[in-house]
Amino acid sequence: MSTATTTPSAEVAPASTPHPRLRRLTRVAGVLYLAIFAIYPLATSVRSTLVVPGDAALTAANVRAQETLFRWGLAGEATIVLIEIVLAAVLYTLLRPVSRSVSLAGALARVAEAVVMAAGCLVTSVLTLVALGDGGALDAFDAGERDALALYFQEANDGIVLIWGFFFALSLLLTGWLVARSGFLPRVVGILLALAGAGYLLQSFGTFLAPGLADTWELVVIVLAIPGELVFALWLLIKGVDQDAWRAAAARADRAQL
């Protein structure tokens, strides 16, 4: 009789026991997301401060005079790329109990975003420094031509931002769907994330199709994206996931081989 009465309690106990590794994982995701919120505006503000659209000479003079600041902005953007890749892996681990295939697709989309971001933010900035540096193959160009090249690389990045925006939008749409379906995170947070993805998608498509409305598309992103991403980051950091619901979903996924 004693064995029969103690066995059920032994089986129930683990289900209600806090999972410290899962809690740490959600906190890591929240911290990484908030780090992006803090670092990205600072890094991009450096670029917008030094680059003067349509004025190659002034842009070149600004970068030469404040090369250290320009390099710090480059380092900040490189940090964002690395964070995005790590965050993709963390979110995949957290959301794979809902659907491993969709979670993997979301992670791959986020990694693709980081790769294209690196090609835009990092490569164009390195090429700008090369164009404005002394010596090398570009000695064949005069000063005005080198200044024009530097501005060209910076302006090219504006278009590349819209390209990585497609991948980021896909990542947010898939993440929003996973969160809304999860049962261990609030459904409303998933809806907000999906709206954020729609905002980035509208900005990228809209700017390519109607460049005259670029400011409008940027406002759409601010209105739709920031609330969803910020709420998601804070929820992961402060509240985390419903651990019992997460483990139940993980068990179902293992049984279904999904």
Side-chain angles (χ1 to χ4, degrees), residues 1-37 82-114 167-201 224-258:
M1 291 293 292
S2 60
T3 302
T5 56
T6 57
T7 300
S9 62
E11 293 175 350
V12 173
S16 57
T17 301
H19 196 314
R21 291 182 61 188
L22 181 58
R23 186 69 191 101
R24 283 197 299 269
L25 199 63
T26 58
R27 285 174 177 162
V28 167
V31 168
L32 291 175
Y33 229 126
L34 290 178
I36 293 173
F37 269 97
L82 298 177
I83 290 175
E84 288 284 7
I85 294 172
V86 175
L87 183 58
V90 173
L91 291 178
Y92 166 73
T93 303
L94 283 175
L95 297 173
R96 67 182 176 183
V98 185
S99 170
R100 291 183 183 177
S101 56
V102 176
S103 185
L104 178 60
L108 291 175
R110 197 165 201 119
V111 170
E113 170 230 339
F167 296 101
F168 190 44
L170 177 59
S171 173
L172 289 176
L173 288 169
L174 295 176
T175 301
W177 182 86
L178 290 165
V179 170
R181 292 286 301 271
S182 68
F184 49 79
L185 285 165
R187 183 178 179 85
V188 65
V189 175
I191 294 172
L192 289 173
L193 282 173
L195 287 174
Y200 281 103
L201 205 60
L224 292 180
I226 292 180
E229 292 187 88
L230 187 57
V231 167
F232 183 50
L234 291 174
W235 189 277
L236 290 173
L237 182 62
I238 298 170
K239 298 288 290 184
V241 300
D242 183 327
Q243 297 192 19
D244 290 341
W246 187 92
R247 282 179 288 205
R252 289 195 300 270
D254 286 339
R255 288 196 298 270
Q257 296 294 309
L258 293 177

S.K.: Rounded to the nearest 0.5 Å, what's the gap from CG on Leu185 to CH2 on Trp235? Could you check?
M.R.: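 With rounding to 0.5 Å, CG (Leu185) is 8.0 Å from CH2 (Trp235).
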S.K.: Show the nearest heavy-atom pair for residues Val179 and Pro186, with the distance to one decimal.
M.R.: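 Of all heavy-atom pairs spanning Val179 and Pro186, the closest is CG1-O, 3.6 Å.
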S.K.: Measuring from Glu113:CD to Leu108:CG, what's the distance to the nearest 0.5 Å?
M.R.: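 So the CD of Glu113 and the CG of Leu108 are separated by 12.5 Å.
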S.K.: Taking Trp246 for its side chain and Leu94 for its backbone only, find out whether a donor-acceptor pair lies under 3.5 Å.
M.R.: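 Confirmed, Trp246 side chain pairs with Leu94 backbone.
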S.K.: Is there a side-chain contact between Leu230 and Leu34 (heavy atoms, below 4.5 Å)?
M.R.: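 They are in side-chain contact.
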S.K.: Does a side-chain heavy-atom distance below 4.5 Å link Val111 with Tyr92?
M.R.: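 Side-chain contact under 4.5 Å: no.
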S.K.: At their closest point, which heavy atom of Leu32 faces which heavy atom of Ile83, and how far apart are they?
M.R.: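 Reported closest heavy-atom pair: O-CG2, 3.7 Å.
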S.K.: Calculate, to the nearest 0.5 Å, the distance between atoms CG and CZ belonging to Leu236 and Arg23 respectively.
M.R.: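 Nearest 0.5 Å value for the CG-CZ distance: 8.5 Å.
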S.K.: What's the separation between atom NZ in Lys239 and atom CG in Leu234, rounded to the nearest 0.5 Å?
M.R.: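 The CG atom of Leu234 is 13.0 Å from NZ of Lys239, to the nearest 0.5 Å.
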S.K.: According to side-chain hydrogen bond (donor to acceptor under 3.5 Å, both in side chains), who are the partners of Arg187, at least two apart in sequence or on a separate chain?
M.R.: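 With neighbours one apart ignored, the set is empty.
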S.K.: Find the distance between CG (Leu173) and CG (Leu178) and round it off to the nearest 0.5 Å.
M.R.: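 So the CG of Leu173 and the CG of Leu178 are separated by 11.0 Å.
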S.K.: Could you note down all residue pairs passing salt bridge (Lys or Arg N to Asp or Glu O under 4.0 Å) where residues 84-95 supplies at least one of them, sequence neighbours left out?
M.R.: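 Residue pairs passing salt bridge (Lys or Arg N to Asp or Glu O under 4.0 Å), neighbours aside: Glu84-Arg110.
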S.K.: Looking only at heavy atoms, what is the nearest atom pair of Ile226 and Phe37, with distance?
M.R.: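 The answer is O-CZ, 4.1 Å.
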S.K.: Once side-chain hydrogen bond (donor to acceptor under 3.5 Å, both in side chains) is applied, do any residues pair with Ser103, and if so which ones, sequence neighbours excluded?
M.R.: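 Per chain and number, Ser103 pairs via side-chain hydrogen bond (donor to acceptor under 3.5 Å, both in side chains) with no residue.
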S.K.: What's the spacing between Asp242 CG and Leu22 CG if we round to 0.5 Å?
M.R.: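 That separation rounds to 10.0 Å.
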S.K.: For Leu195 and Leu224, work out which heavy atoms get closest and say how close.
M.R.: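 Of all heavy-atom pairs spanning Leu195 and Leu224, the closest is O-CB, 3.6 Å.
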S.K.: Can you find a heavy atom in the side chain of Val231 that is under 4.5 Å from one in the side chain of Val188?
M.R.: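 A side-chain contact under 4.5 Å is absent here.
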S.K.: Please find the pair of heavy atoms, one from Ser171 and one from Gly106, that lie closest to each other, and give the distance.
M.R.: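 What the structure gives for the nearest pair is OG-O, 3.4 Å.
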S.K.: Which heavy-atom pair separates Gly197 from Ala169 by the least distance, and what is that distance?
M.R.: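 Looks like O-CB, 3.3 Å.
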